[in-house]
There are 2 protein chains.
Amino acid sequence: MTAPALPVMCAALGDATRWEILTRLGEEPMSASALARVLPVSRQAIGKHLEVLRAVGLVESEQRGREVVHLAVGARLGVLARELDRIGRSWETRLLRIKELAERPDSGAAGEGTGGRSHD
Amino acid sequence: MTAPALPVMCAALGDATRWEILTRLGEEPMSASALARVLPVSRQAIGKHLEVLRAVGLVESEQRGREVVHLAVGARLGVLARELDRIGRSWETRLLRIKELAERPDSGAAGEGTGGRSHD
DNA sequence: AGTCGATGCAACTCAACGGTTGCACACCCG
DNA sequence: CGGGTGTGCAACCGTTGAGTTGCATCGACT
């Protein structure tokens, strides 16, 4: 699937080291070993992070000679951003509607038992 | 602080249960106990998640009588979304520039020094 | 008043995750 | 050709985090 679930995408972005990697790869494509040289973690750790990032499409890898260079995919981040924005807006809308209902007791307040428990 | 670090925000969103909670709270404000009734986890677990979400500003809580109702803050999600989009675009731009340089070795490859550069 | 339900705090379990080390193998350069 | 470098796989470890249970408390509604 080209569109991983939101929690998975966010989880991939929920690690500082991964952001560090993404930042570097966003500036310039490079190999895992190269990343390990500039970051304070081992090459293997970098490798695991790259696998996670590649799994959600935030990183793409390309075999160049004997090396494998990785690069950050900004488009995927953009997709995530739009999704989050959409959801956020929907929340705002709902809350707005709720507040309006609360302030205008005449608009469809039927079926609301006074002093009784509606649910369970 | 009103703007938690990106990794922290994403980490908060990197959990399926938390998304479940946010979804419900986005539809309708409710208490931890109420959430525990509709979700397959204990009230205490819900409480911990709410604390995490509140810590990054994705949830706000209001004491209503003896209950504490929580609600999802869409605006905060929007802020995150804009941030991610910005970063994603910057990645795309860099890559584009790199590709151009690779294909046009004559286009001002000498001195760089453009002012006002501020990467993360 | 009495009870039921909501909350808060604390201790504990268990799995996932980040990170490391070690090793084997492939490839490029000198 | 040989060493050095880049990579992949696997075992291992410490910590974090999600989730649970238990207990004590406080407030609301009957």
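Since this is a predicted model, take the numbers as computed values, not measurements. Labels below follow one simple rule: chain letters A, B, ... track the order of the sequence lines, proteins then strands, and each chain is numbered from 1.
In terms of the side-chain contact (heavy atoms from CB on, under 4.5 Å) criterion, residue partners of A:Ala45 (sequence neighbours excluded) are, by chain and number, A:Val41, A:Ser42. Applying the side chain to side chain donor-acceptor pair (under 3.5 Å) test to B:Arg43 and every residue at least two apart in sequence or in another chain returns nothing.
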For nucleotides 15-19 of chain D, give me every protein contact, N/O to N/O, under 3.5 Å, one pair per line with atom names.
residue	atom	partner	partner atom	Å
D:dA18	OP1	B:Arg18	NH1	2.5
D:dA18	OP1	B:Arg18	NH2	2.9
D:dG19	OP1	B:Thr17	OG1	2.9
D:dG19	OP2	B:His49	NE2	2.2
D:dG19	N7	B:Lys48	NZ	3.1
D:dG19	O6	B:Lys48	NZ	2.5

Using a cut-off of under 3.5 Å, enumerate the N/O to N/O pairs linking the protein to nucleotides 4-7 of chain D.
residue	atom	partner	partner atom	Å
D:dG4	N2	A:Arg66	NH1	2.6
D:dT5	O2	A:Arg66	NH1	2.7
D:dG6	OP1	A:Arg37	NH2	2.7
D:dT7	OP1	A:Val68	N	3.0
D:dT7	OP1	A:Val68	O	3.3
D:dT7	OP2	A:Ser33	N	3.0
D:dT7	OP2	A:Ser33	OG	2.5

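Hydrophobic clustering places B:Leu35 together with B:Leu58 (ILVMFWY residues linked when any side-chain heavy atoms are closer than 4.5 Å, directly or through intermediates).
A salt bridge is defined here as a Lys NZ or Arg NE, NH1 or NH2 lying under 4.0 Å from an Asp or Glu carboxylate O, and A:Arg86 with A:Glu83 meets this definition.
Residue pairs satisfying the salt bridge (charged side-chain N to carboxylate O under 4.0 Å, His left out) criterion with at least one member in residues 12-22 of chain B, sequence neighbours excluded, are listed as follows: B:Glu20-B:Arg24.
The rotation axes computed at either terminus of the helix from C:dA1-D:dT30 to C:dG30-D:dC1 lie 30° apart, taking five pairs at each end and rounding to 10 degrees.
We find that CZ of B:Arg64 is positioned 18 Å from P of D:dG27, with the value rounded to whole Å.
The minimum heavy-atom distance linking A:Ser61 with A:His70 is given by the pair OG-ND1, 2.7 Å.
Using a 4.5 Å heavy-atom threshold, the side chains of A:Leu13 and B:Leu6 count as separate. Side-chain atoms of B:Leu53 and B:Val73, non-hydrogen and from C-beta on, never get closer than 4.5 Å to each other. The closest side-chain heavy-atom distance from A:Asp85 to B:Asp85 is not below 4.5 Å.
Annotation: B:Arg89, atom CZ; neighbour count of heavy atoms from other residues, nucleotides and ligands within 6.0 Å does not exceed 12.
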